[in-house]
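Note sheet for the following structure.
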Amino acid sequence: MTAARQIVLSLLVIALAGGGWWLYRSGSFAGAATVAATPDSSAGQGRRSGGGMGAGPVRVVTAPVDINDDGDTVRAIGTLVAAQSVTLFPEVTGAVSEIAFKPGTRVDAGAAIIRLEKADQQVEVERATIARDDAQAALDRAEKLLASKNITAVAVSDARSVLQKAGIDLKIADLALAKRTVSAPFAGVIGLTELSIGDLVTPTRAIANLDDMSTVTVAFDVPENVSAKVAIGQEVTATSTALPDQTFTGKVSAIDNRIDATSRTLKVEAEMPNDANVLKAGMSVIVVLNFPGEARPMVPSLAVQWDRKGSFVWKLDGDEVHRVPVRIIARNSGSVTVAGELQKGQQVVVEGVQRLREGIKVAEAGQGAQPPAEGAATGAGKRPAGNS
């Protein structure tokens with residue numbers, strides 16, 4: 001075979017190969033093979049087009065919209081303090097003559113706590129009483145003499161001044177005597193004392209602590225985002241690790257006038273009754289403050305989608321879907337609370353969202369004909385694979 005014939009044959013083979021490749025790429029052979037392989041060519045054509053977007057409704061999975069009105073709950077740790085609390089000190093220096101209380105017991109308002117030696121003060125009271133009585137008698141005589149014009153009015157006025165001074169001296173003596181007894185300023189429970197009979201006390205030495213535990217006060221902090229919702233009289237509940245089976249209820253009694261710039265919290269105080277006297281000053285409690293919430297739609301987390309316009313969900317309207325913009329309010333386990341035009345019971349798409357467009361027809365995945373198997377994604381679906 002001459003070189004010229006070899007060249008011609010080579011060119012012919014190349015041309016035939018190129019033509020065959022072109023026919024394969026154009027789909028002529030694939031279409032013929034598909035039709036030939038199918039007894040009913042129209043059925044084959046139906047399978048080839050069945051995977052297209054316009055061939056039927058898109059299969060989706062939906063879930064109903066729920067309503068979340070739980071509101072906000074604030075939990076904070078606080079420390080209990082007595083409604084009234086005072087550390088008792090004597091007003092004067094003296095030796096203890098009597099301890100009139102038992103530590104840890106309740107005392108009434110005005111009850112004696114301790115008494116100091118008071119002999120000197122009693123003598124002063126007696127002396128002042130005698131002086132007052134003498135001054136009163138002198139004034140009585142002066143007034144009688146004035147009636148008979150045997151004394152001047154000036155002398156009577158002087159006698160009256162002496163009586164007034166004597167009365168003041170008696171009051172001073174009575175006050176000094178009263179200060180020898182330390183009394184409870186209000187009813188409450190008195191604590192331990194280190195005093196003993198005969199101890200010399202001064203106004204700087206503490207006697208004992210007195211707490212009014214009929215009600216207790218707890219101070220706690222709430223975050224800035226709920227500071228505008230706190231109100232006087234709002235109910236709070238509290239629990240303590242020391243009393244795990246009991247829950248105590250109280251009301252907000254005071255609100256600070258400014259937010260702490262460092263912690264971004266607002267200080268709040270609440271009062272709770274302590275009728276059973278089981279709460280102690282200094283005890284730590286966990287305070288719970290509930291704020292009623294606004295009813296908002298709640299959808300599954302998978303239903304929320306995002307694009308350049310923001311977050312949205314696909315809402316089912318009959319057999320069509322429509323895009324509904326939403327704003328995320330709070331995230332929960334498996335669900336999201338949103339703000340948007342959604343009503344309770346409406347269906348939103350949670351699976352199959354990738355193929356959705358505004359107004360497209362959809363059907364529940366479990367209804368009607370089942371979607372084609374992945375391996376039979378239609379003959380038309382296999383041609384693009386050859387084009388890749």
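Position 1 is the first residue of the sequence; numbering continues from there. We use all heavy atoms of the structure for the numbers below, so side chains are in, but hydrogens, waters and symmetry mates are not.
- Within a 6.0 Å radius of CD1 in Ile77, no more than 12 heavy atoms belonging to other residues, nucleotides or ligands are found.
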Side chain to side chain contact (heavy atoms under 4.5 Å, CB included) assessment of Thr62 paired with Val348:
CA-CA 5 Å; Thr62 64; Val348 292; over 6 Å; no
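- Closest non-hydrogen pair, Val86 versus Asp211, comes out as N-OD1, 4.4 Å.
- Residues Val226 and Leu289 share a hydrophobic cluster, clusters being chains of Ile/Leu/Val/Met/Phe/Trp/Tyr side chains in contact below 4.5 Å.
- Screening residues 94-104 for salt bridge (Lys or Arg N to Asp or Glu O under 4.0 Å) gives Glu98-Arg115 as the qualifying pairs, with residues at least two apart or on separate chains.
- Hydrophobic clustering, with ILVMFWY side chains joined whenever heavy atoms are under 4.5 angstrom apart, groups Val218 together with Leu266.
- No hydrogens or angles considered: a donor-acceptor pair under 3.5 Å links the side chains of Ser263 and Asp260.
- Listed for the Gln305 side chain is a donor-acceptor partner under 3.5 Å among the backbone atoms of Leu302.
- What you find for Val313 and Val304 is that their closest heavy atoms are CG1-CA, 4.0 Å.
- A donor and an acceptor atom, one from each side chain of Thr73 and Asn290, are located under 3.5 Å apart.
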All N/O donor-acceptor pairs, side-chain side in residues 141-154, below 3.5 Å, sequence neighbours left out:
{"residue": "Glu143", "atom": "OE2", "partner": "Arg160", "partner atom": "NH2", "Å": "3.3"}
{"residue": "Ser148", "atom": "OG", "partner": "Leu145", "partner atom": "O", "Å": "3.1"}
{"residue": "Ser148", "atom": "OG", "partner": "Asn150", "partner atom": "ND2", "Å": "2.8"}
{"residue": "Thr152", "atom": "OG1", "partner": "Ala155", "partner atom": "N", "Å": "3.3"}

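- Sorted by first then second residue, the salt bridge (Lys or Arg N to Asp or Glu O under 4.0 Å) pairs that include residues 314-324, not counting sequence neighbours, are Asp307-Arg323, Asp319-Lys361, Glu320-Lys361.
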Is there a side chain to side chain contact (heavy atoms under 4.5 Å, CB included) between Ser253 and Ile232 once you walk through the steps?
CA-CA 6 Å; Ser253 57; Ile232 298 294; 6.0 Å; no
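- Contact detail for Pro203 and Thr93: the closest heavy-atom pair is CD-OG1, 3.5 Å.
- For the pair Ser301 (side chain) and Ser335 (backbone), a donor-acceptor distance under 3.5 Å is present.
- Side chain of Asn274 to backbone of Met213: a donor-acceptor contact under 3.5 angstrom is found.
- Atom CG of residue Asp133 and atom CG of residue Leu170 lie 8.5 Å apart, to the nearest 0.5 angstrom.
- Follow the hydrophobic side-chain contacts under 4.5 Å out from Trp306 and you reach Leu342 in the same cluster.
- In this structure, Ala176 and Gln121 approach most closely via the heavy-atom pair O-CG, 3.7 Å.
- When atom types are taken as modelled, the side chain of Gln346 and the backbone of Gln343 share a donor-acceptor pair closer than 3.5 angstrom.
- Few gaps surround CZ on Arg205; more than 12 heavy atoms of other groups in view lie less than 6.0 Å from it.
- Listed by chain and residue number, Trp314 satisfy the ring pair (Phe, Tyr, Trp, His ring centres under 6.0 Å) test with Phe312 (two or more places apart in sequence, or in another chain).
- No more than 12 heavy atoms of other residues, nucleotides or ligands lie within 6.0 Å of CD in Glu194, so this atom counts as exposed by the packing criterion.
- Minimum heavy-atom separation, Ala208 to Phe101: CB-CZ, 4.3 Å.
- Cluster membership for Leu80 and Val189, using ILVMFWY side-chain heavy atoms within less than 4.5 angstrom, is not shared.
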Sequence neighbours excluded and cut-off under 3.5 Å, please list the side-chain donor-acceptor pairs for residues 239-252, or say none.
{"residue": "Ser240", "atom": "OG", "partner": "Ala242", "partner atom": "N", "Å": "3.1"}
{"residue": "Ser240", "atom": "OG", "partner": "Ser284", "partner atom": "O", "Å": "3.4"}

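- Among residue pairs with one or both ends in residues 263-284, those qualifying as salt bridge (Lys or Arg N to Asp or Glu O under 4.0 Å) are Asp221-Lys267; sequence neighbours excluded.
- Taking both residues in full, the closest heavy atoms of Ile113 and Ala184 are given as CG1-N, 3.8 Å, listed atom of the first, atom of the second, then distance.
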